[in-house]
Amino acid sequence: MKKSIITLSLAAVLGFGSITVGMPIEKASAANKINDLNSQKEKINQQRSGVESKLNDTDKKISENQGEQQSVQSEIERLDKAISDALAKIEEKNQEIADTKKEIEKLEAEIEILVERIKKRNELLKDRARNYQETGGMVSYIDVLMGAQSFGDFVERVGAVATIVEADQDILQAHQADKDELEKKQNQVKEELASLETMRAELESMKKSLNAQKAEKDKLLASLKHEEEEMHAHKLELAEENEILAAQEAALQKAIKLEQERQAEAARQAEAARQAELARQKAAAEAAKKSSSSAGSSSSSGSSSSSDSGSSSSPQVSAPSVASGAWTRPASGRLSSGFGNRSLGNHFGVDIASGGTVPIVAAADGVVIRSYYSSSYGNAIFIAHSVGGQTYTTVYAHMRSRSVGSGQTVSKGQQIGIMGNTGQSYGQHLHFELHRGSWDAAKSNAINPVGIVPL
Ligand SMILES: [Zn+2]
């Protein structure tokens with residue numbers, strides 16, 4: 001098929017149709033087309049600088065995020081130190097508390113012994129007092145005293161009796177004093193224990209709050225890391241977008257050149273046709289003059305540089321037959337998903353599904369913008385087309401393999417790859433997008449191919 005069908009036929013019609021009006025109109029429309037392409041190139045340039053500044057922004061945000069992560073990490077380090085500090089102090093307090101408890105137990109044991117002794121001594125004294133009463137109490141003392149041989153003896157005996165009583169009382173008092181002392185000490189140690197336990201409780205609550213702070217910082221760090229990952233992913237997307245835009249610019253550049261060449265060729269042909277018409281008119285006039293007939297016919301057709309390809313190396317499924325219009329079906333198979341809303345977000349293209357080895361062909365003549373592997377699109381090819389002065393972009397995604405490279409010129413129906421299930425795809429199919437104008441990340445130019453491309 002001829003390249004840029006409409007462009008050439010329009011030029012031909014104008015060339016043959018009117019000699020006087022044809023040229024200016026043709027030149028004007030040619031200039032418009034070039035202007036169009038140039039303004040599109042300018043638009044892509046602006047989009048690219050937008051993407052560049054987004055990339056710069058993302059880089060800035062990433063380094064800000066990393067700075068934040070560093071400060072959070074140093075805070076976590078500080079908290080870790082404080083926590084191990086608190087833990088060491090708690091351990092220390094635990095030891096002190098254990099020691100104090102042991103001391104209390106020891107004092108309790110001592111007190112018990114003393115209480116026992118006091119009890120026994122008391123019993124002994126009570127026994128003795130009972131004896132005194134049973135034997136007449138003080139009478140026996142009096143007997144002792146009465147038995148004195150002399151006054152001196154008597155004095156001595158009084159002293160002895162008093163000493164015995166005093167001695168008993170002294171021992172009892174001493175025991176009581178010891179017991180009081182021990183109890184006092186025990187109370188002191190118990191107070192000490194209480195204060196140690198308070199300190200330990202304070203340390204425990206401090207540790208708890210430090211742990212809570214650390215958990216919060218850990219959470220913050222995790223969210224910062226997640227954010228950073230997302231930004232890196234976003235950066236990759238931007239880089240991919242930038243590369244596609246850059247390639248698109250180059251493809252458009254090529255399209256501009258092809259368009260200029262076509263126009264030059266069309267102008268040359270129009271001029272030839274005009275000359276031929278002039279010659280025919282002149283000949284006709286001369287013939288009329290001579291009143292004889294002469295045939296003057298010259299018709300030039302478009303330079304049909306149809307580069308035939310379609311090496312249909314498809315063992316199972318054949319490529320769809322090439323349609324006669326500007327567009328042809330990109331693959332055989334059933335239309336498994338249409339254009340528009342779908343459960344998982346917007347669907348900016350149509351899906352054609354089929355099993356086996358299914359050839360994918362270019363939907364129209366064009367220049368390959370990009371042929372590459374994308375994590376989302378899988379094996380993907382972007383093609384720029386110029387149909388009747390309107391540029392289009394087609395996208396072929398999830399292919400098993402690609403057989404044309406970036407920058408390559410392709411013709412309608414030419415095989416560019418094999419249908420597959422690569423990238424974010426669930427089942428073998430071709431995801432096909434049509435954009436009026438250039439592709440952008442927002443897919444703002446995506447249109448429903450149904451009605452334009454025979455599907
Ligand atoms: Zn799809």
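Just follow the structure's listing: the first ligand is 1, and inside any ligand the first atom is 1.
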Practice task
For the residue pair Y372 and F382, categorise the inter-ring angle as parallel (less than 30°), tilted (30 to 60°) or perpendicular (more than 60°).
Solution key: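 If you compare the ring of Y372 with that of F382, the planes turn out tilted.
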
Problem - Plane angle bin for H429 and H398 - parallel if under 30°, tilted between 30 and 60°, otherwise perpendicular - result: tilted

Handout entry: Pairing of E92 and K89 as salt bridge, 4.0 angstrom limit
Key = no

Practice task
Assess H398: does it contribute an N, O or S atom lying under 2.8 Å from the Zn ion (ligand 1)?
Solution key: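 Within the cut-off used here (under 2.8 Å), H398 places no N, O or S atom near the Zn ion (ligand 1).
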
Exercise for the section: Specify whether an N/O/S atom of H429 falls short of 2.8 Å from the Zn ion (ligand 1). Expected result: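 No, H429 does not qualify, because none of its backbone or side-chain N, O or S atoms lies under 2.8 Å.
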
Problem - Closest approach to the Zn ion (ligand 1) by D351, given as the N, O or S atom name - result: OD1

Exercise for the section: With the Zn ion (ligand 1) as the reference point, give the N/O/S atom of H431 that is nearest. Expected result: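 Distance check against the Zn ion (ligand 1) picks out ND1 in H431.
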
Handout entry: Side-chain touch I418/N379, heavy atoms, less than 4.5 angstrom
Key =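 They are not in side-chain contact.
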
